[in-house]
Participant: 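First the structure, which I've put down as structure tokens, then a few questions once you've had a look.
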There are 2 protein chains.
Amino acid sequence: MADHKKRFEIIIQKLRENGQKITPQRMAIVKILAKSTGHPSVEDIHDEIKKDFPTMSLATVYRNIVLIKSLGEVLELGFPDGRNRYDGNKPYPHPHVICIKCKKVIDSNLGSLDDLKDEVAVETGFKILNHRLDFFGICSNCMAEKV
Amino acid sequence: MADHKKRFEIIIQKLRENGQKITPQRMAIVKILAKSTGHPSVEDIHDEIKKDFPTMSLATVYRNIVLIKSLGEVLELGFPDGRNRYDGNKPYPHPHVICIKCKKVIDSNLGSLDDLKDEVAVETGFKILNHRLDFFGICSNCMAEKV
DNA sequence: CTCTCTGCAAAGTGTTTGCAGGGTC
DNA sequence: GACCCTGCAAACACTTTGCAGAGAG
């Protein structure tokens, strides 16, 4: 089974277990999140779904993302421009590389921060629950453009 | 000369070099940013200054932060709760450790990410300009509280 | 049949901007 | 004296919320 198909089933299952109802809108949102390799914003998701579902409301997207986030099944990428992006395919913390020109976001597969996390915990006395590591720069496409 | 005094002079000097005028409001803002070990929000800064300067406007704080940010003399910490914090004492990227209960932010002195940055650049083809590394958790104070 | 979910519109929150008067250089 | 800066209030962008009707289980 394809990876994003699996993720879709997992999220839907988790919703069911929590007594949530499976509405068509909810399925459409989960479907996009499950294969969210493009790190869509709420508006991206809304636009995408409106193609087949013209009455879909932005509020519904927001509400469902809050819900799925509370189940730990989607990762929110806080964005400097105030437009958050979401990753429901890899909902655990992992490094992102972000182009400040075209806003493209790609995942990096490098570097576990577990050691550093432990060191920081000792240094500060915190119990570390979570982290985020983002690199900002210019992607090769944007660099190639002579603007 | 104390560290934050030095930072104050550096920022003021940089403003002068850029042809900006040194107003009392601006000095007050720079003074707080220069010793911003507490990582104040815009509202924190505004509140602090209003004690001696009751007519100080929020808009002025925002405008000055944009200006100083454009000179590279203050670091903006994007916050999940949408209330940004600022560090004008160490304006270069460095790891932060954030308590999700009391919102306290402290600096970590560990870990250079230069190696990782180079690896990510090779992996993705990006030219990396910047990064951010934040750990979220519970500080020892909040852990001690039986709430 | 019950109880949650949706769509709509209004309200909220943090930030930015237009304008006219005031202050720095 | 020229031009930038400030304070005020309105405008903005994103997100959240109240309500009444629709739909899942």
Participant: Round to a whole Å and report the spacing from CD of Glu76(A) to C1' of dT16(D).
Facilitator: 13 Å
Participant: For His96(B) and His39(B), take the angle between the two ring planes, folded into 0 to 90°, and tell me which bin it lands in: parallel under 30, tilted 30 to 60, perpendicular over 60.
Facilitator: perpendicular
Participant: Could you grab the distance from atom CD1 of Ile68(B) to atom CD1 of Ile11(B), nearest 0.5 Å is fine?
Facilitator: 6.0 Å
Participant: Walk me through whether Glu73(A) and Val30(A) qualify under side chain to side chain contact (heavy atoms under 4.5 Å, CB included).
Facilitator: CA-CA 10 Å; Glu73(A) 293 299 332; Val30(A) 171; over 6 Å; no
Participant: Are any of Asn84(A)'s side-chain N or O atoms less than 4.0 Å away from OP1 or OP2 of dT15(D)?
Facilitator: yes
Participant: Is a side-chain donor or acceptor of Glu76(A) paired with a backbone partner of Asn84(A) at a separation under 3.5 angstrom?
Facilitator: no
Participant: Taking the nucleotide of DNA chain C with the closest heavy atom to each, which residue, Gly19(A) or Val66(B), is nearer the 5' end?
Facilitator: Gly19(A)
Participant: Main chain of Leu133(B), side chain of His131(A): is a donor-acceptor contact present, judged purely on distance under 3.5 Å?
Facilitator: no
Participant: Should we count NZ of Lys35(A) as having more than 12 external heavy atoms under 6.0 Å?
Facilitator: no
Participant: Measure CD/Glu43(A) against C1'/dT15(D) and give the value in whole Å, please.
Facilitator: 12 Å
Participant: Could you please name the option among dA24(D), dG7(D), dC5(D) that lies closest to any side-chain atom of Thr23(A)?
Facilitator: dA24(D)
Participant: May I ask you to list the residues of residues 24-42 of chain B, by number, that have any heavy atom positioned under 4.0 Å from an atom of DNA chain D?
Facilitator: Gln25(B), Arg26(B)
Participant: Whole angstroms only, please: what is the CD-P distance between Gln20(B) and dC4(D)?
Facilitator: 9 Å
Participant: Please figure out whether Leu58(B) or Lys21(B) has its closest DNA chain D nucleotide nearer the 5' end.
Facilitator: Lys21(B)
Participant: Can you tell which of dG25(D), dA9(D), dT17(D) lies closest to the side chain of Ala59(B)?
Facilitator: dA9(D)
Participant: Which sits closer to the 5' end of DNA chain C, Arg16(B) or Asp81(B), going by the nucleotide each is nearest to?
Facilitator: Asp81(B)
Participant: Whole angstroms only, please: what is the CZ-C1' distance between Phe53(B) and dG7(D)?
Facilitator: 11 Å
Participant: Give a yes or no on whether the backbone of Lys21(B) and the side-chain of Arg26(B) come within a donor-acceptor separation of less than 3.5 Å.
Facilitator: yes
Participant: Considering only heavy atoms of chain B and a distance under 4.0 Å, specify the first and last nucleotide of DNA chain C in 5' to 3' order that meet this criterion.
Facilitator: dG14(C) to dC25(C)
Participant: Rounded to whole angstroms, how far apart are CZ on Arg83(A) and P on dT15(D)?
Facilitator: 8 Å
Participant: Heavy-atom nearest nucleotide on DNA chain D for Ser57(B) versus Tyr62(A): which residue maps closer to 5'?
Facilitator: Ser57(B)
Participant: Answer yes or no: is there a donor N or O on one side and an acceptor on the other, between the side chain of Ser36(B) and the main chain of Gly88(B), under 3.5 Å?
Facilitator: yes
Participant: Count the heavy atoms belonging to other residues, nucleotides or ligands that lie under 6.0 Å from NZ of Lys127(B), then report whether that count exceeds 12.
Facilitator: no
Participant: Whole Å only: how far is the CD atom of Glu17(A) from the P atom of dG25(D)?
Facilitator: 15 Å
